[in-house]
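A short worksheet on the structure shown next.
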There are 2 protein chains.
Amino acid sequence: MLNRTRIVTAAVELIEREGADAVSMRRIAAELGVGVMSLYNHVPSKAALLDAVAEDVLSRIGFTDDPSAHWTERVRIQARAFRRIAHHYPRSTMVVVSRQLNSTAGLLPVERALATLREAGFDGGEAVRMLRMFIAYVVGSLLREVGVTPTFAPVRAGAAVAEVDPALFPLVSELRPQLDSCDHDEEFEFGLELLVQAMAVRAAARAGARTGGGEGERGGERAGRGGARQ
Amino acid sequence: MLNRTRIVTAAVELIEREGADAVSMRRIAAELGVGVMSLYNHVPSKAALLDAVAEDVLSRIGFTDDPSAHWTERVRIQARAFRRIAHHYPRSTMVVVSRQLNSTAGLLPVERALATLREAGFDGGEAVRMLRMFIAYVVGSLLREVGVTPTFAPVRAGAAVAEVDPALFPLVSELRPQLDSCDHDEEFEFGLELLVQAMAVRAAARAGARTGGGEGERGGERAGRGGARQ
DNA sequence: GCGTGTCACGTACGCTGTACGTACGTCAAT
DNA sequence: ATTGACGTACGTACAGCGTACGTGACACGC
């Protein structure tokens, strides 16, 4: 029996196996051993199917929200959960971000994140802004990570990049080794840490302003110059 | 006379006017008053054409790098320059980010950015990491901004979003007004400021470590709780 | 038996990207 | 002046795309 979820999962598998360009209604139908038009009994259009794919992938984000952990650590955990899914479905992730969807699929993560940020001491408007900024960073990072290769090979093939004139671009030329290689884990954790610390500073300033006190006021984890962690 | 740049600019105009889905070789040829296959004398494939579009848009980023300004301000200026182009070619921006291109188009911005970060006191590795984090944030923000609507209407039509069960998602429900509306300028500047301040803190720590001194050491602009600026 | 629905399916239409062959202008060498 | 090579524009053709539409098989309440 054909149904919507079978179609969606077939689409996800096909995307991961052969890339988003290989996706066509005929291809998916063949994958399921059915006629093309049968799909349209369950999915109104290809665009809607891709939306459903995005929704499906997004809903797979697993959250192990540990209320006992410090809010900064919970922020890290949520960001990593998001990233883990993106790495598990790299090519579908491109579909997710390419396509703005107004569904309630990503609502639970949002709820959790807002709870965490409220706990950190931000009021509603600040929490939303923080969340938006954080999502922007995570999405941007994932775009770089999963977009760097069609599959998710560890690193770009190597000397695919052309020569650079050291006279025109001295710094690019000098920093070539750092620019060419990229440890995605380390890179992500670096930015994550920077953001978390910036948020902690802001939270401390908030708390300080609220209690009318001076400046420190134990805002939690005062920027430990922290390196990447894994 | 047909040539590559005429084709590319026609493609950009078409994308902006009717969206990326409307782009086809036949459509572009018709736009130029030319046969379809004539395009292939100047462009090897549609994919290559879209790459060229991305490259073209990217190369339009205008930099008025003012060496007298503080490095934090220069970071802001560069980020805004990037964003301005994305707003000028919103739909083409989507093809830029959807498509990973290994060309030298975005090399000048990279060079400028690295110079700025070096001036801030970061060594090569840190400068590259900072740059990557910054690009991730900017790209993620732009994805949200330009993806929110096909055109760049100020805000989502309005009540397009479905109802949310306040019992299941209390915070989402409570913060609905903040979540629905979004002042993109303000939002962008908020995250930008947070990032710049986080970088400044890091730069100060760096400088402190290098001089062996304590902690302050005039790293520039010590986190002024700053609001958005325009 | 008989409408009424749902579901799988086949056919068909107007698109798409592009491989291939052709025709015409210009320029270099003869 | 003639010839040949070459670059450019073009038309045709093919395989594949999304999907509108009609058809037939089956299950149901009356």
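Every chain is numbered from 1 and lettered A, B, ... according to where its sequence line falls, protein lines coming before strand lines. All values reported here derive from a predicted model rather than from experimental measurement.
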Taken to the nearest 0.5 Å, the spacing of D183(A) CG from E189(A) CD works out to 10.0 Å
Could you grab the distance from atom CG of L50(B) to atom CZ of R99(B), nearest 0.5 Å is fine?
-> 4.5 Å
Whole-Å gap separating C1' (dG18(D)) and CD1 (I28(A)) | 12 Å
Expressed in angstrom and rounded to an integer, what is the separation of R4(B) atom CZ from dG7(D) atom P?
-> 18 Å
Report the distance from atom CG of L142(B) to atom CZ of R83(B), rounding to the nearest 0.5 Å.
-> 7.0 Å
Can you check the L49(A) CG to dG18(D) P distance for me, whole Å?
-> 10 Å
Summary of protein contacts for nucleotides 8-17 of chain C, nucleotide by nucleotide, where a base hit scores B, a sugar-phosphate-only hit scores S (4.0 Å, heavy atoms) = BBBBB---BB
Please work out which of the three classes, parallel, tilted or perpendicular, describes the rings of W71(B) and F122(B), given edges at 30° and 60°.
-> perpendicular
What are the two closest non-hydrogen atoms of V23(A) and K46(A), and how far apart are they?
-> O-NZ, 3.2 Å
